[in-house]
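Every chain is numbered from 1, with letters handed out A, B, ... down the list of sequences.
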Amino acid sequence: MNRQNFLTALMISVALGSGAAAQQAAKPAPRSPIPKSYKDLKYPPLNDIKVPEPARFELSNGMVVYLVEDHELPTVTISAMIRSGSRWEPIARAGVASITGSVMRTGGTATRSGDQLDEELDRLAAVVETSIGEDSGRAMVSVLKEDLDRGLSILADVLQHPAFPQDKIDLAKIQQRDRIARRNDDASGIAFREFRRLIFGKDTPYGHQPEYDTLNSIAREDLVAFHQQYFQPENVILGAWGDFQAADMRARIEKALGGWARGGRQKPPAPPVDPAASSRAGLYQISKEDVTQSWVLMGYLGGKRNHPDYYALTVMNDILGGGFASRLFSNVRSAQGLAYAVGSNWNAGWDRPGTFTALGSTKTETTVKILESIRHELRTMAEAGATDDELARAKDSILKGFAFEFDSTGEIVQRLVSYDYYGYPLDYLQQYRANIEKVTKADVARVAKQYVKTDQLAILVLGKEKGFDQPLSSLGPVTAIDIAIPKPKEEALAAATPEATARGKAILAKVRDAMGGPALKAIKEYTSVATLVLSTPQGEFSMKQGATHNLSGKMLSKIQTPMGEIVSGYDGQAGWMKTPQGVRDLPASEQAEVAGTFFRDTVSLLQNFESGALTVQSLGTDDGVAVEDPARKLQVKLYVDPATNLLVKKSYTAALMGAPGAIDEIYSDYREAGGVKFPHKVVLNREGKKIGEQTVTEIKINPGLDDSAYKKPTAP
Amino acid sequence: MLLRTAVLKKLTKLMEAEMRVTPCKLVPALVAVFAAAAAGAQTEFADIQSRVTEFTLKNGMKFIVLERHKAPVASFLTYADVGGAQETKGITGLAHMFEHIAFKGTHVIGTKDYTKEKAALEQVEKAYYARRDEKRKLKPDPEKLKKLEQAFKDAQEEAGKFIAKEEFGEAIERAGGRGLNATTAEDRTNYYFSLPSNSIELWFYLESERFLHPVFREFYKERDVVMEERRLSESQPIGKLIEEFQAIAYKAHPYGEPVIGHMSDLENLTRADAEAFFKKYYAPSNLIGVVVGDVNPKRVRELAEIYFGRIPSGPKPEPLRTVEPPQEAERRVTLTLQSQRVVLIGYHKPDVNHPDDAVYDAIGSLLSEGRSSRLYRGLVRDKKVATQVGGFPGFPGQKYPGLFLFFGFTAPGHKNEEVEKAIDEEVERLKTGLAAKEELDGVKRRVRAGLIRQLADNSTLAGHLSTAQALTGDWRNLFKLIDKINAVTPQDVQRVAKETFTRNNRTIGMIEPAESAQAK
């Protein structure tokens with residue numbers, strides 16, 4: 001060995017911080033003229049790949065730790081995975097996992113406020129971050145080595161004692177709302193997201209997403225509970241690398257995290273994928289008008305990384321749509337100039353099936369052309385497999401580049417943590433390598449035939465249909481996907497200022513006076529007789545209704561329908577219904593709506609708005625007032641005609657004739673009855689569309705119904 | 001090396017044009033490279049600097065080699081000192097177009113028979129011009145045009161028969177190479193990939209070939225690909241905003257033109273245009289080769305002489321003459337799109353070699369690095385008018401006078417004007433008060449830590465070294481500037497803020513949601 005190589009070898013062993021045997025550095029090849037082809041180049045053997053041996057130990061509380069020393073730079077990084085994730089969150093609270101993950105950091109702890117933490121970390125140039133993704137939670141620390149103890153101490157604190165203060169929760173919600181608002185701005189973002197949701201299913205652990213309503217439903221106790229449930233030391237696998245001595249680092253970790261008491265809660269198993277995810281074949285379309293380019297994604301549910309066929313599938317996918325030389329790249333992009341973005345992914349999951357996707361994006365006018373072009377490549381692959389040459393290239397690409405798996409200590413450690421987390425053997429990478437080596441041309445042909453099923457593709461097209469080269473429907477029946485962001489059921493109202501409250505109350509006082517003043521205050525009960533015309537998809541239905549409303553919280557309603565008489569009542573405690581089929585209790589879903597109905601009753605509101613139980617605020621204009629019952633989470637908005645001070649509209653969210661939605665009641669034709677003005681025409685709208693109209697024929701004030709009238713009748 | 005948020009990465013991606021659709025690992029034009037701090041910087045970075053060697057070939061091509069023997073791999077980068085800024089009206093997008101062509105191979109790579117292919121490519125050119133000439137007539141003959149279209153298609157198909165598909169990329173993949181890609185920015189074009197360290201000769205072979213004798217095969221198809229890349233950028237509201245914003249921030253200098261080029265320019269680029277561009281800007285004296293990893297510098301030099309030494313020297317291109325005149329009045333543009341609100345505010349600043357460059361980096365870090373930064377606290381935490389906000393120098397480039405750019409994602413329920421006003425308030429604070437010592441200490445420490453963290457990756461290092469060399473004339477400035485940052489005082493910050501953040505020097509771009517998006 002010449003001197004240069006000896007020094008090289010020495011540097012290698014020094015860099016590793018151990019007395020590793022001196023390496024054989026690359027011997028310089030003899031000077032040669034340039035060969036005719038690069039294929040004629042001769043390479044010396046590769047220098048040894050250094051595979052660091054991690055120190056692995058378990059704390060007494062069950063936390064698993066991996067350590068690898070790396071003295072190249074004066075830094076230390078700690079990265080932990082915690083068994084948690086949005087795939088375990090209740091779908092009605094979608095977003096709670098993500099918010100818990102971010103507020104754990106931003107909200108600080110019992111002893112350090114979030115703002116104090118921010119300052120300290122920024123000043124130290126240290127980073128501590130926590131997050132919760134779909135199938136794992138993450139906590140990481142990155143410090144200059146002199147700040148190791150501070151970093152560990154903060155990490156331990158944040159993991160165990162997050163404070164979850166309301167102001168940081170509110171901030172996290174603002175950011176989540178912003179993300180929702182922006183999620184349809186980018187065409188590619190929409191396409192990838194919706195394809196995933198299409199395969200896994202919208203309301204499933206793997207396909208759900210936060211909505212305004214789910215965010216509104218998340219309260220501090222939900223975060224506390226989520227953290228409590230999942231953040232226990234036996235759920236944590238921690239990896240650390242950098243400029244430390246392993247034994248010393250171990251002691252520091254034991255000190256900082258050893259005292260965290262075991263939680264003893266069950267580790268959650270990975271939620272299964274909905275079986276329906278395997279049968280999504282078909283054509284799907286998302287309309288977007290403001291683009292000059294379409295996205296085409298096609299595929300289906302795939303498999304797992306430890307499936308015996310995973311290796312052949314990886315090689316097959318590389319040939320099909322992996323690199324520059326792949327079929328999709330060279331045929332769809334280079335040869336036809338159809339796309340900039342094109343390719344395929346066999347995206348296997350760790351502990352649940354993943355997805356196979358082939359995709360491309362092209363100008364609007366060649367949308368169907370690229371769809372058929374990609375599908376053609378899939379078909380060709382499925383029917384004829386790959387050539388010897390393609391196989392060799394794909395395998396070489398993976399195997400010859402193996403050294404890259406070891407060029408970053410951080411990646412090495414995080415990989416080991418992942419393997420442990422998902423229950424894979426620690427030498428999985430080596431097994432993977434060996435299995436790739438074994439893949440034959442026949443294997444590729446077999447998996448191509450078995451797994452690339454062009455008749456079972458879910459095909460999603462996003463773009464401006466008007467400009468397509470062919471209508472999508474010419475290829476088969478198409479299902480439209482609606483990506484409209486659902487409006488929140490209830491707009492979270494800002495906290496009422498004293499001025500807004502005073503103004504709101506003043507407006508309502510005027511309405512009360514206009515509608516009857518003392519006469520209105522004296523109402524204990526009233527009956528209205530009306531004709532109700534309902535607009536349904538099946539047509540318009542007209543029926544007569546007589547309803548009595550008792551301000552103490554009782555109600556009785558009789559409707560003559562084409563199917564017979566329906567009587568419903570509420571006796572102050574429970575509701576019931578009597579139909580030609582018999583008597584039954586009011587279904588739970590309707591029971592829940594009863595409180596809202598009573599709350600929103602105009603007479604009730606005008607009698608009670610000054611009570612302490614209700615919050616009133618003007619909506620910033622002279623004709624709108626919001627009234628809230630914070631205890632029961634009820635809200636209604638009233639709109640007034642300033643000329644008459646009579647109510648013209650009432651808006652709220654409720655389930656009326658089916659799904660919940662934004663309801664408007666529009667009032668007109670006020671007439672007096674018993675000294676009180678009532679609207680004799682009410683138009684009902686849901687989400688802006690008319691669903692019904694009520695024409696009142698008679699109003700009786702204080703008819704004096706007996707209590708028993710409201711009680712559930714005994715069976716005849 | 002300043003910490004970047006995911007949003008900045010997104011803005012960055014939109015600013016550059018890439019070959020493959022994969023994230024760019026290198027520091028883009030947006031990021032100021034030269035921020036680094038802390039006393040003792042010279043000793044701290046002495047080791048890594050001692051592992052750097054450099055040499056220049058007779059033909060003027062410079063090489064920088066950094067030894068790093070952690071793993072038997074090496075990263076390579078060719079920095080071409082040409083970018084969007086070298087384009088004139090009519091040929092916007094050409095630098096990036098050439099970058100794409102550089103993957104198509106040479107007379108020995110990517111062809112089955114170059115003699116025959118060359119003749120076939122000439123036929124393609126003839127057919128192209130014949131079709132173009134007919135199209136340009138005041139009254140083109142539709143029958144004739146149809147025939148010429150077909151003839152053009154046929155000629156391309158004929159020439160295509162001689163292609164060994166994607167041989168350049170394939171050769172690298174077969175050798176176990178990783179990260180093959182290239183990016184074009186306003187200031188420069190980078191070509192890069194990594195190889196197992198026993199195969200470094202392959203880089204010398206392929207890379208020297210591609211700048212010795214590139215063949216512009218599949219030119220017109222690749223032009224279509226580039227147009228798709230443009231459409232991708234157009235499909236993103238922020239991409240549209242950036243393009244409009246750049247256009248009004250610059251009235252004379254090419255920094256006002258998008259790197260991806262205007263669609264009508266792209267539609268008319270010819271092979272001859274690309275060849276002329278290559279001849280003008282790819283002389284070896286305009287290139288820097290960087291090798292970082294498990295290599296022997298002596299061997300690297302040998303190979304460089306053998307392979308790159310073949311490239312004949314050429315004249316250095318004429319430097320850009322145009323200097324953007326001082327902005328005389330505030331400029332604004334508002335786009336109404338199917339998108340949520342975004343705000344961009346830019347102020348002109350000097351180029352990277354100005355003595356105050358480190359002060360701009362310090363201002364950027366002070367304003368927007370970390371959750372305790374002024375913009376985050378003012379706009380996100382306290383006023384809650386933005387969900388993300390930042391400010392940094394180096395947009396759209398640093399080689400020529402660029403902009404200090406602020407961006408804000410307006411929070412739901414709030415107006416763009418509120419974000420504009422709040423940013424303005426922070427800017428005023430910088431001008432009227434003095435930054436606290438602890439704030440600047442934090443900046444300096446973060447810059448130092450940032451640089452340290454970036455030393456752990458071969459390709460990142462290759463990018464930083466080449467940028468420092470090309471823009472400042474000495475790669476050592478990557479480390480030397482730590483001292484420059486250390487020297488920044490609160491008075492410097494105030495002075496530079498007063499000079500820069502003036503109303504007339506300001507350009508503002510906004511996205512307002514279109515009617516249908518209003519409901520949100």
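Ring geometry, Tyr38(A) versus Tyr205(B): the interplanar angle exceeds 60°, so the pair is classed perpendicular (tilted spans 30 to 60°).
Between Pro196(B) and Phe404(A) there is a side-chain heavy-atom pair separated by less than 4.5 Å. A heavy-atom distance below 4.5 Å is not found between the side chains of Asp48(A) and Pro72(B).
For the set Val143(A), Asn331(A), Thr362(A), the count of heavy-atom pairs under 4.5 angstrom toward chain B peaks at Thr362(A). Contact count against chain B (heavy-atom pairs under 4.5 Å) is highest for Ala335(A) among Ser188(A), Ala187(A), Ala335(A). Interface check for chain B: of the options Leu144(A), Thr409(A), Val291(A), Leu399(A), the most heavy-atom pairs under 4.5 Å are formed by Leu144(A). Comparing Arg230(B), Gln156(B), Glu209(B), Arg310(B) by heavy-atom pairs within less than 4.5 Å of chain A, the highest count is held by Arg310(B). Of the residues considered (Ile511(B), Asp441(B), Thr387(B), Ile48(B)), Thr387(B) shows the highest number of contacts with chain A, using heavy-atom pairs under 4.5 Å. Counting heavy-atom pairs closer than 4.5 Å to chain A, the top residue among Val108(B), Ile163(B), Ile109(B), Leu195(B) is Leu195(B). For the set Thr106(A), Asp115(A), Ile49(A), the count of heavy-atom pairs under 4.5 angstrom toward chain B peaks at Asp115(A). Per-residue heavy-atom pair counts under 4.5 Å with chain A were compared for Arg223(B), Met227(B), Glu439(B), and the maximum is reached by Glu439(B). Listed options Gly179(B), Ser235(B), Gly293(B), Ser373(B) were ranked by heavy-atom pairs under 4.5 angstrom with chain A; first place goes to Ser235(B). Per-residue heavy-atom pair counts under 4.5 Å with chain B were compared for Ser361(A), Ala403(A), Ser334(A), and the maximum is reached by Ser334(A). Between chain B and the options Glu120(A), Arg105(A), Lys395(A), heavy-atom pairs under 4.5 Å are most frequent for Arg105(A).
Counting non-hydrogen atoms of neighbouring residues, nucleotides and ligands closer than 6.0 angstrom, the CD atom of Glu157(B) reaches no more than 12 such neighbours. No more than 12 heavy atoms of other residues, nucleotides or ligands lie within 6.0 Å of NZ in Lys464(A), so this atom counts as exposed by the packing criterion.
A salt bridge is absent between Asp224(B) and Lys363(A); no separation between the charged side-chain nitrogens and carboxylate oxygens falls under 4.0 Å. Note on Glu146(A) versus Arg445(B): salt bridge recorded, some NZ/NE/NH1/NH2 to OD/OE distance being below 4.0 Å. For Arg371(B) and Glu129(A), the salt-bridge test passes: some basic side-chain N is under 4.0 Å from an acidic carboxylate O.
At a 4.5 Å heavy-atom cutoff, the contact between Tyr376(B) and chain A is made by side-chain atoms alone. In this structure, chain B has heavy atoms under 4.5 Å from both the backbone and the side chain of Asp389(A). Heavy-atom distances place both the backbone and the side chain of Glu167(B) under 4.5 Å from chain A. Both the backbone and the side chain of Ala392(A) come within contact range of chain B, judged by heavy atoms closer than 4.5 Å. Interface remark: Ser326(A) contributes no atoms to any contact with chain B (heavy atom separation under 4.5 Å). Contacts of Val226(B) with chain A are absent, with no heavy-atom separation under 4.5 Å from either backbone or side chain. Of the two parts of Glu234(B), only the side chain, counted from C-beta on, holds a non-hydrogen atom closer than 4.5 Å to a non-hydrogen atom of chain A. For chain A, no part of Lys153(B) is nearby; none of its heavy atoms comes within less than 4.5 Å. For Thr77(A), no part sits under 4.5 Å from any heavy atom of chain B, backbone or side chain. Only the backbone of Leu338(A) comes within contact range of chain B, with at least one heavy atom under 4.5 Å from a heavy atom of that chain. Looking at Glu405(A), the atoms closer than 4.5 Å to chain B (heavy atoms on both sides) all sit in the side chain, from C-beta outward.
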Worked check of side-chain contact (heavy atoms from CB on, under 4.5 Å) between Leu41(A) and Phe204(B): CA-CA 11 Å; Leu41(A) 289 171; Phe204(B) 288 91; over 6 Å; no
How far apart are the C-alpha atoms of Glu222(B) and Arg333(A), what are their side-chain angles, what is the distance that settles it, and do they pass the side-chain contact (heavy atoms from CB on, under 4.5 Å) test? CA-CA 8 Å; Glu222(B) 199 61 27; Arg333(A) 172 168 151 159; 3.6 Å; yes
Working note: Ser330(A) + Glu166(B), criterion side-chain hydrogen bond (donor to acceptor under 3.5 Å, both in side chains); need CA distance, chi angles, decisive distance, verdict. CA-CA 7 Å; Ser330(A) 64; Glu166(B) 303 302 334; 5.9 Å; no
Would Arg341(B) and Asp185(A) satisfy salt bridge (charged side-chain N to carboxylate O under 4.0 Å, His left out), going step by step from the backbone distance to the final call? CA-CA 10 Å; Arg341(B) 295 179 166 87; Asp185(A) 291 352; over 6 Å; no
What's the verdict on side-chain contact (heavy atoms from CB on, under 4.5 Å) for Tyr43(A) and Leu202(B), showing C-alpha distance, side-chain angles and the deciding distance? CA-CA 9 Å; Tyr43(A) 306 127; Leu202(B) 183 64; 3.2 Å; yes
Please walk me through it: do Lys400(A) and Glu173(B) pass salt bridge (charged side-chain N to carboxylate O under 4.0 Å, His left out)? CA-CA 9 Å; Lys400(A) 289 214 167 118; Glu173(B) 285 176 9; over 6 Å; no
Report the C-alpha separation of His100(B) and Tyr340(A) in whole Å, then their side-chain angles, then the decisive distance to 0.1 Å, and conclude whether the side-chain contact (heavy atoms from CB on, under 4.5 Å) test is met. CA-CA 11 Å; His100(B) 271 242; Tyr340(A) 170 66; 4.1 Å; yes
Arg377(B) and Glu119(A): salt bridge (charged side-chain N to carboxylate O under 4.0 Å, His left out), yes or no, with the steps? CA-CA 11 Å; Arg377(B) 284 216 159 149; Glu119(A) 270 166 42; 2.8 Å; yes
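Residues Ala411(B) and Ile174(A) share a closest heavy-atom pair of CB-CG2, 4.2 Å. Listed here is the closest heavy atom pair of Gln175(A) and Val380(B): NE2-CG1, 3.6 Å. For Gln293(A) against Arg231(B), the heavy-atom pair with the smallest separation is NE2-CB, 3.5 Å. Arg178(B) approaches Ile398(A) most closely through the heavy-atom pair NH2-O, 3.4 Å. Residue Asp290(A) comes nearest to Lys240(B) through the heavy atom pair O-NZ, 4.3 Å, listed as atom of the first residue, atom of the second, then distance. For the pair Glu72(A) and Arg68(B), the tightest heavy-atom approach, listed with the atom from each and the gap, is OE2-NE, 2.6 Å.
Side-chain atoms of Asp118(A) and Ser372(B) include no donor-acceptor pair closer than 3.5 Å. Judged by distance alone, the side chains of Asn458(B) and Asp407(A) never bring a donor and an acceptor atom under 3.5 Å apart. When only modelled atom types and interatomic distance are considered, Arg174(B) and Ser397(A) share no side-chain donor-acceptor pair under 3.5 Å.
Listed for the Asp396(A) side chain is no donor-acceptor partner under 3.5 Å among the backbone atoms of Ala175(B).
Remark: Arg123(A) CZ to Lys444(B) NZ distance equals 12.5 Å, nearest 0.5 Å.
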